[in-house]
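Note that this is a predicted model, so its numbers are computed, not measured.
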Amino acid sequence: MYMDNIKILGFRASIDSVGDTLDKINSIKQDGEIIQLLNADSVASKNHIIHGVNQAFLAFQRGENLANDINVEIVLRCSGQRQISKAFKMMGLKEGNMNLCAILINSKDYTRQLSSMFTLDENVLVADVEKLIDIYKISDVELSCISVEDIIIDRITKLTVDY
């Protein structure tokens, strides 16, 4: 399992049903392609997502994956969590209005199809530092040393070290 290419897009969405939304996403992609939707409010930067996705693929290559499914592994790694329930609480979809981070991996460009379901808006990928501090429970001590983005990336890396 290798990552050949990655595209990260931001959207505003109104989700009536998480299940129906995931079914629609699964219906547009082809076998071997990955489209993973995350709560964009939990995203520090594109670097954060690229690092999490890369760590997920490396975990599968090393046989150190925490989940059996690459999509779930991506959510775990991007959230810096070991528990699936915590990871999805932080980064998963929810019903109602929300900001989405769409990650397209080893896939065609589905921007047009996704834009017919959601409103394309790259601004949702601009981090709200205060929100991230709350979501990731970042301490003042940590903040005095490095940036929020680097703290989150460090936590993702720590999942590998702690394996």
field: Shared hydrophobic cluster, Leu143 / Ile135 (ILVMFWY, side-chain heavy atoms < 4.5 Å)
entry: yes
message: Please tell me whether Val43 and Val129 are part of a single hydrophobic cluster in this structure, the criterion being side-chain heavy atoms less than 4.5 Å apart.
response: yes
field: Leu22 backbone acceptor or donor facing Asn26 side chain under 3.5 Å
entry: yes
task: Check whether Ile156 and Ile146 end up in the same hydrophobic cluster, where Ile, Leu, Val, Met, Phe, Trp and Tyr are linked by side-chain heavy atoms less than 4.5 Å apart.
output: yes
query: Ignoring hydrogens and geometry, is there a side-chain-to-backbone donor-acceptor pair from Ser79 to Met90 under 3.5 Å?
result: no
message: Could you check whether atom NZ of Lys86 has more than 12 heavy atoms from other residues, nucleotides or ligands sitting under 6.0 Å from it?
response: no
Let me check something: any side-chain donor-acceptor pairs from residues 31-39 under 3.5 Å, sequence neighbours excluded? List them with distances.
| from | atom 1 | to | atom 2 | distance (Å) |
| --- | --- | --- | --- | --- |
| Glu33 | OE1 | Gln30 | N | 2.7 |
| Glu33 | OE1 | Tyr110 | OH | 2.4 |
| Glu33 | OE2 | Lys108 | N | 3.0 |
| Glu33 | OE2 | Tyr110 | OH | 3.4 |
| Gln36 | OE1 | Asn71 | ND2 | 2.9 |
| Asn39 | OD1 | Asp41 | N | 2.9 |

field: Heavy-atom check, side chain of Ile105 versus side chain of Ile74, under 4.5 Å
entry: yes
task: Verify the distance criterion only: is there a donor paired with an acceptor across the side chains of Arg12 and Asn99 at less than 3.5 Å?
output: yes
message: Whether Lys46 and Glu149 form a salt bridge (side-chain N of Lys/Arg under 4.0 Å from carboxylate O of Asp/Glu) is what I want to check.
response: no
message: Working to the nearest 0.5 angstrom, can you tell me the gap between Ser17 OG and Glu95 CD?
response: 5.5 Å
- request: I would like to know whether Leu125 and Leu9 meet side-chain contact (heavy atoms from CB on, under 4.5 Å); could you show each step before the answer?
  value: CA-CA 8 Å; Leu125 298 176; Leu9 302 166; 5.8 Å; no
message: Between Ser144 (side chain only) and Val141 (backbone N and O only), is there a donor and an acceptor less than 3.5 Å apart?
response: yes
task: Could you tell me which non-hydrogen atom of Lys94 sits nearest to which non-hydrogen atom of Asn97, and how far apart they are?
output: NZ-O, 3.3 Å
Nearest non-hydrogen partners of Ala59 and Glu73, listed with the distance: CB-OE2, 3.8 Å
- prompt: Any side-chain heavy atom of Ile138 within less than 4.5 Å of one from Arg155?
  reply: yes
message: Can you confirm whether more than 12 heavy atoms, excluding those of Lys29, are under 6.0 Å from its NZ atom?
response: yes
message: Working to the nearest 0.5 angstrom, can you tell me the gap between Leu66 CG and Gln55 CD?
response: 11.0 Å
message: For the CD atom of Gln81 and the CE atom of Met91, what is their distance to the nearest 0.5 Å?
response: 10.0 Å
field: Taking every non-hydrogen atom, the tightest pair across Leu114 and Ala102
entry: CD1-CB, 4.2 Å
message: To check you understand the geometry: which heavy-atom pair defines the closest contact between Ala44 and Ile152, and what is its length?
response: CB-CD1, 3.8 Å
- prompt: If you count the non-hydrogen atoms of other residues, nucleotides and ligands that lie under 6.0 Å from CZ in Arg112, is the total more than 12?
  reply: no
field: Stepwise side-chain contact (heavy atoms from CB on, under 4.5 Å) check, Val53 with Ile8
entry: CA-CA 11 Å; Val53 168; Ile8 301 167; over 6 Å; no
message: With a 4.5 Å cut-off on side-chain heavy atoms, are Cys101 and Phe11 touching?
response: no
task: Keeping to residues at least two apart or across chains, list the side chain to side chain donor-acceptor pair (under 3.5 Å) pairs with something in residues 132-141.
output: Ser139-Glu142
query: When hydrophobic residues are tied together by side-chain contacts of less than 4.5 Å, even through go-betweens, does Val124 share a cluster with Val18?
result: no
Heavy-atom closest contact (Ala67 atom, Val72 atom, distance): CB-CG1, 3.6 Å
Partners passing side-chain hydrogen bond (donor to acceptor under 3.5 Å, both in side chains) against Lys7 (at least two apart in sequence or in another chain): Asp109
query: Does Ile84 share a hydrophobic cluster with Leu93, counting links as ILVMFWY side-chain heavy atoms below 4.5 Å and allowing steps through other members?
result: no
- request: Taking all heavy atoms of Phe60 and all of Asp69, pick out the closest pair and write down the distance.
  value: CZ-C, 3.8 Å
Ile133 vs Val148 side-chain heavy atoms within contact, under 4.5 Å: yes
task: Starting at OG of Ser147, measure out to CD1 of Ile153 and round the result to the nearest 0.5 Å.
output: 7.5 Å
- prompt: Given side chains that start at C-beta, do those of His51 and Thr157 come closer than 4.5 Å, heavy atoms only?
  reply: yes
query: For the atom pair CD1 (Ile25) and OG1 (Thr21), what is the distance rounded to the nearest 0.5 Å?
result: 7.5 Å
query: How long is the span from the CD1 atom in Ile151 to the SG atom in Cys145, to the nearest 0.5 Å?
result: 8.0 Å
- request: Would you indicate whether Asp23, at its atom CG, is surrounded by more than 12 heavy atoms from other residues, nucleotides or ligands within a distance under 6.0 Å?
  value: yes
